[in-house]
Engineer: 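Pasting in a structure now, in structure tokens, and then I'll have a few things to ask.
Values below: every heavy atom of this structure, side chains too, minus hydrogens, waters and symmetry copies.
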Amino acid sequence: MKKKSGTVVSPHQDESGLRYLPLVDLLVDTKTELLELALRSGLTVFTTMLEEDRKSICGPRYAHEPDRPASRAGTVRGEVVLGGRKVAIRRPRARTAEGEVALPTFQAMAKTDPLDRRVVEQMLVGVATRQYARSLEPLDATIESRGTSKSTVSRRFVARTQAQLETWQAKPLDDLAVAVLLLDGVHVGDHCLVMALGITDDGTKHALGLWEGSTENSTVCQSLLANLQSRGLRTDRSLLVILDGSKALRKAVREMFGDAALVQRCQIHKLRNVLDHLPEHQRPWVKAILQRAYRRDDVATAKRLLQDLARRLDGDHPSAAESVREGLDETLTIIGLGLSPSLRRSLSTTNAAESLISRTRHVKRNVKRWRTGQMVVRWAAAGVLEAVKGFRRLKGHKEMPKLVAALRARDQQLGLVKSAAEKVA
């Protein structure tokens, strides 16, 4: 009789005589079944850990112990967080005369914090509430799970983002040595959000807060600044404040900080504003002059270039000329501080705040209808706190001591800081 052909897997044998089968031949070569195997194995390990907890509480099973601290009480249905959902298991129970004893491992795995974090992360990367269940790895059909419906995901997202917002809005700022404050606004639906970004003495960026209103008016801006002050932001010494040119922001800064605010108008916003008043064929040469002025190392030369440009535009384009003159000195503030070109570029615009705002636009792209202002604030705060994770220090941060020294020298000139003798007196 002929011998049947076939592939025979030879087990491996080590020096001790133990035999091992190749693991790859024991697993089915499909992703789904591999995941199911891993999940079943994980649940088996978890139930074993629960049984070990009960053993440590009740003592060994079937052992005769008169002074046994607790007794076994069978099992009961329980739920643990696993893979972005709640999974049903049979939980061992232990009881004393006073009542049921909690198992430490089950308490840790039953917490919903990991589930809430998973929901927020999925929503922020663009997963819609209806598609949340599809974004998770599949489960074995025999495993009962819940917590992935549209309404459940939405409730968890609202609760988690609301808690994040309240924690962020109450965070103290006393320990932050803020040297630069950037303020900018963004419109979301019928609402306007004003955001504040702080840069400390070492060039580290910090999202400080946001405030909501119907428009970017001085009252909304003033409310945001008052909130920052109540949380510990110093307003009694010089601070470089970078604005986009909004009159409401400028008024609020003047009322809150007074002379302590050293205002720098965003040069990019100013350039765009001037060019918007010109026809296409006139824009290249005007843009070149503006950029040349902003790259100068001394304020007098830069100011002369801008004034000459305004005179050239007076005849044919008076609106553009007026735009050049409006806030001219504040667009050149950064030049007079003697900073390196790298740090000057970073602090001459509101780009850092714009980058933060762009992140909020990204995370809310799936929202079709804004029901309330609170919803707008929650989503914006979630986007800001997500962007904070990727913050890097300001370009040119090694030159920040020069900026701080210039601000402290300005304090002395304006009498904002008392001398040591005056403090003792």
Engineer: Decide, yes or no, whether a salt bridge links K402 with E399 under the criterion of side-chain N to carboxylate O below 4.0 Å.
Structural biologist: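 Result for this pair is yes, salt bridge flagged.
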Engineer: Is it the case that the side chain of S346 and the backbone of S342 share a donor-acceptor pair, with hydrogens and angles ignored and the cut-off at 3.5 Å?
Structural biologist: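 Yes, because the side chain of S346 sits within donor-acceptor range (under 3.5 Å) of the backbone of S342.
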Engineer: Any chance CZ of R77 has more than 12 other-residue heavy atoms, nucleotides or ligands included, within less than 6.0 Å?
Structural biologist: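 Correct, the count exceeds 12.
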Engineer: So, do I334 and Y294 sit near enough that their side-chain heavy atoms are less than 4.5 Å apart?
Structural biologist: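 Counting from C-beta outward, I334 and Y294 never come under 4.5 Å.
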Engineer: Rounded at 0.5 Å granularity, tell me how far OG in S355 sits from CG in L182.
Structural biologist: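 Answer rounded to 0.5 Å: 11.5 Å.
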Engineer: Would you say the side chains of Q229 and T235 form a donor-acceptor pair under 3.5 Å?
Structural biologist: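 Distance-only check passes for Q229 and T235.
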Engineer: Quick one, R146 with E79, criterion salt bridge (charged side-chain N to carboxylate O under 4.0 Å, His left out). Give me CA distance, side-chain angles, the key distance, then yes/no.
Structural biologist: CA-CA 9 Å; R146 69 183 186 89; E79 292 181 334; 2.7 Å; yes
Engineer: Ignoring hydrogens and angles, state whether a donor on the side chain of Q374 or T372 is under 3.5 Å from an acceptor on the partner side chain.
Structural biologist: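 No donor-acceptor contact under 3.5 Å links the two side chains.
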Engineer: Is there a side-chain contact between M256 and Q222 in this structure, where contact means two heavy atoms from C-beta onward sitting under 4.5 Å apart?
Structural biologist: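 Yes. Closest side-chain heavy atoms under 4.5 Å.
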Engineer: The criterion is side chain to side chain donor-acceptor pair (under 3.5 Å); which residues satisfy it with Q291, sequence neighbours excluded?
Structural biologist: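 Listed in chain order: nothing, the list is empty.
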Engineer: Do the side chains of L225 and V253 get nearer than 4.5 Å, heavy atoms only?
Structural biologist: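 A side-chain contact exists here, since the closest heavy-atom pair is under 4.5 Å.
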Engineer: Of all residues at least two apart in sequence or in a different chain, which pass the side chain to side chain donor-acceptor pair (under 3.5 Å) check with D53?
Structural biologist: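 Here the qualifying residues are T105.
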Engineer: Is there a salt bridge (charged side-chain N to carboxylate O under 4.0 Å, His left out) between R91 and E100? Walk through the geometry before answering.
Structural biologist: CA-CA 12 Å; R91 173 174 62 85; E100 187 166 346; 2.9 Å; yes
Engineer: Can you tell if the side chain of L278 reaches within under 4.5 Å of the side chain of R283, non-hydrogen atoms only?
Structural biologist: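 Contact flag for L278/R283 side chains = yes.
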Engineer: What pairs meet the ring pair (Phe, Tyr, Trp, His ring centres under 6.0 Å) rule with one or both residues in residues 149-190, with sequence neighbours excluded?
Structural biologist: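 Every ring pair (Phe, Tyr, Trp, His ring centres under 6.0 Å) pair that includes a residue of residues 149-190, provided the two are not neighbours, is F157-W379.
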Engineer: Can you pull out every ring pair (Phe, Tyr, Trp, His ring centres under 6.0 Å) where at least one residue sits in residues 199-242? Sequence neighbours excluded, please.
Structural biologist: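 Checked against ring pair (Phe, Tyr, Trp, His ring centres under 6.0 Å) - neighbours excluded - no pair reaches residues 199-242.
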Engineer: Step through the shown structure and confirm whether more than 12 heavy atoms of other residues, nucleotides or ligands are within 6.0 Å of CZ on R90.
Structural biologist: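 Yes, the 6.0 Å shell around CZ holds more than 12 heavy atoms from other groups.
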Engineer: Is any side-chain heavy atom of R369 closer than 4.5 Å to a side-chain heavy atom of R371?
Structural biologist: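 In short, these two side chains touch, coming nearer than 4.5 Å.
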Engineer: What is the distance from atom NZ of K86 to atom OG of S145, rounded to the nearest 0.5 Å?
Structural biologist: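 Spacing of NZ (K86) from OG (S145) equals 12.0 Å.
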Engineer: After noting the C-alpha distance and the side-chain angles of E144 and R85, does the key distance pass the salt bridge (charged side-chain N to carboxylate O under 4.0 Å, His left out) rule?
Structural biologist: CA-CA 10 Å; E144 181 184 350; R85 54 167 71 83; over 6 Å; no
Engineer: Over all heavy atoms of both residues, which pair between K270 and S323 is shortest? Give the atoms and the distance, please.
Structural biologist: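 So the minimum-distance heavy-atom pair works out to NZ-O, 2.7 Å.
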Engineer: Taking all atoms of both residues into account, what is the closest heavy-atom pair of A196 and L183, and its distance?
Structural biologist: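 The answer is CB-CD2, 3.6 Å.
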Engineer: Can L305 and R296 be said to form a side-chain contact (heavy atoms from CB on, under 4.5 Å), step by step?
Structural biologist: CA-CA 10 Å; L305 284 171; R296 288 294 181 180; 3.7 Å; yes
Engineer: Within a strict 4.5 Å, meaning less than it, do heavy atoms of the L210 and V377 side chains meet?
Structural biologist: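 In contact.
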Engineer: What's the separation between atom CG in D259 and atom CG in D411, rounded to the nearest 0.5 Å?
Structural biologist: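 These two atoms lie 11.0 Å from each other.
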Engineer: Do D244 and I268 have side chains that get closer than 4.5 Å, going by heavy atoms?
Structural biologist: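 Heavy-atom side-chain distance check fails, nothing below 4.5 Å.
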Engineer: Of all the heavy-atom pairs spanning L290 and L306, show the shortest one and how long it is.
Structural biologist: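 Scanning both residues, the minimum pair turns out to be CD2-CD2, 3.5 Å.
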Engineer: Testing the 3.5 Å rule here: is there a donor-acceptor pair between the side chains of R410 and S238?
Structural biologist: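 There is such a pair between these side chains.
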Engineer: What pair of heavy atoms forms the shortest contact from R265 to G245, and how long is it?
Structural biologist: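 What the structure gives for the nearest pair is NE-CA, 3.1 Å.
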Engineer: For R54 and E51, what are the C-alpha separation, side-chain angles and deciding distance, and is it a salt bridge (charged side-chain N to carboxylate O under 4.0 Å, His left out)?
Structural biologist: CA-CA 5 Å; R54 182 160 70 170; E51 190 58 46; 3.1 Å; yes
Engineer: What distance separates N351 CG from Q267 CD, expressed to the nearest 0.5 Å?
Structural biologist: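 Spacing of CG (N351) from CD (Q267) equals 10.5 Å.
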Engineer: Would you say the side-chain atoms of S154 pair up with the backbone N or O of K150, donor to acceptor, closer than 3.5 Å?
Structural biologist: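 Side chain of S154 to backbone of K150: no pair is present.
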Engineer: Side chain of R231, backbone of L208: donor and acceptor closer than 3.5 Å?
Structural biologist: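 Checked: pair present.
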Engineer: Salt bridge between R311 and D314, side-chain N to carboxylate O under 4.0 Å?
Structural biologist: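 No, this pair does not count.
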Engineer: Crowded around D308 CG? As in, over 12 foreign heavy atoms under 6.0 Å?
Structural biologist: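 Counting other residues, nucleotides and ligands, CG of D308 exceeds 12 neighbours.
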Engineer: Should the pair D298-R304 be classified as a salt bridge under the 4.0 Å nitrogen-to-oxygen rule?
Structural biologist: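 The answer is no: the pair does not qualify as a salt bridge.
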Engineer: Give the minimum heavy-atom separation between V194 and V220, together with the two atoms involved.
Structural biologist: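 The answer is CG2-CG1, 3.9 Å.
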Engineer: Show the nearest heavy-atom pair for residues A406 and L337, with the distance to one decimal.
Structural biologist: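 Residues A406 and L337, closest heavy atoms: CB-CD2, 4.2 Å.
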Engineer: To the closest 0.5 Å, what do you measure between CG (L224) and CG (L249)?
Structural biologist: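 It is 9.0 Å, given to the nearest 0.5 Å.
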Engineer: Please tell me whether T152 and S149 have a donor and an acceptor in their side chains that are separated by less than 3.5 angstrom.
Structural biologist: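 Yes - a donor-acceptor pair under 3.5 Å links their side chains.
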Engineer: Is there a donor-acceptor pair closer than 3.5 Å between any side-chain N or O of T204 and the backbone N or O of T200?
Structural biologist: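 Not a single qualifying donor-acceptor pair exists.
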Engineer: Would you list the pairs meeting side-chain hydrogen bond (donor to acceptor under 3.5 Å, both in side chains) in which at least one residue belongs to residues 188-198, sequence neighbours left out?
Structural biologist: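 Only H191-E212 qualify under side-chain hydrogen bond (donor to acceptor under 3.5 Å, both in side chains).
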Engineer: Test: salt bridge (charged side-chain N to carboxylate O under 4.0 Å, His left out). Region: residues 247-256. Which pairs qualify, not counting sequence neighbours?
Structural biologist: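 Applying salt bridge (charged side-chain N to carboxylate O under 4.0 Å, His left out) to every pair that reaches into residues 247-256, excluding sequence neighbours, yields R250-E330.
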Engineer: Please determine which of V180, L181, V178 meets the side-chain contact (heavy atoms from CB on, under 4.5 Å) test together with I199.
Structural biologist: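 With I199 as partner, side-chain contact (heavy atoms from CB on, under 4.5 Å) holds for just one option, V180.
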Engineer: Quick one, D329 with K303, criterion side-chain contact (heavy atoms from CB on, under 4.5 Å). Give me CA distance, side-chain angles, the key distance, then yes/no.
Structural biologist: CA-CA 8 Å; D329 291 332; K303 188 172 182 178; 3.2 Å; yes
Engineer: Side chains of S135 and Q122 only: does a donor on one sit below 3.5 Å from an acceptor on the other?
Structural biologist: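 Side chains of S135 and Q122: pair found under 3.5 Å.
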Engineer: Are T350 and L197 close enough that some pair of their side-chain heavy atoms sits under 4.5 Å apart?
Structural biologist: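 Answer no - side chains too far apart.
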Engineer: Quick one: CZ on F106 to CD1 on I89, what's the gap to the nearest 0.5 Å?
Structural biologist: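 Atom-to-atom, F106:CZ and I89:CD1 are 5.5 Å apart.
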Engineer: Would you please test V186 and M195 for side-chain contact (heavy atoms from CB on, under 4.5 Å) and show each step?
Structural biologist: CA-CA 8 Å; V186 58; M195 299 190 181; 4.0 Å; yes
Engineer: Please determine whether side-chain contact (heavy atoms from CB on, under 4.5 Å) holds for the pair L416 and D236, giving the CA-CA distance in whole Å, both sets of side-chain angles, and the decisive distance to 0.1 Å.
Structural biologist: CA-CA 7 Å; L416 296 176; D236 60 343; over 6 Å; no
Engineer: Check L243, T331, T333, L240 against V263 for a side-chain contact (heavy atoms from CB on, under 4.5 Å) and give me the one that passes.
Structural biologist: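 Filter result, single survivor: L243.
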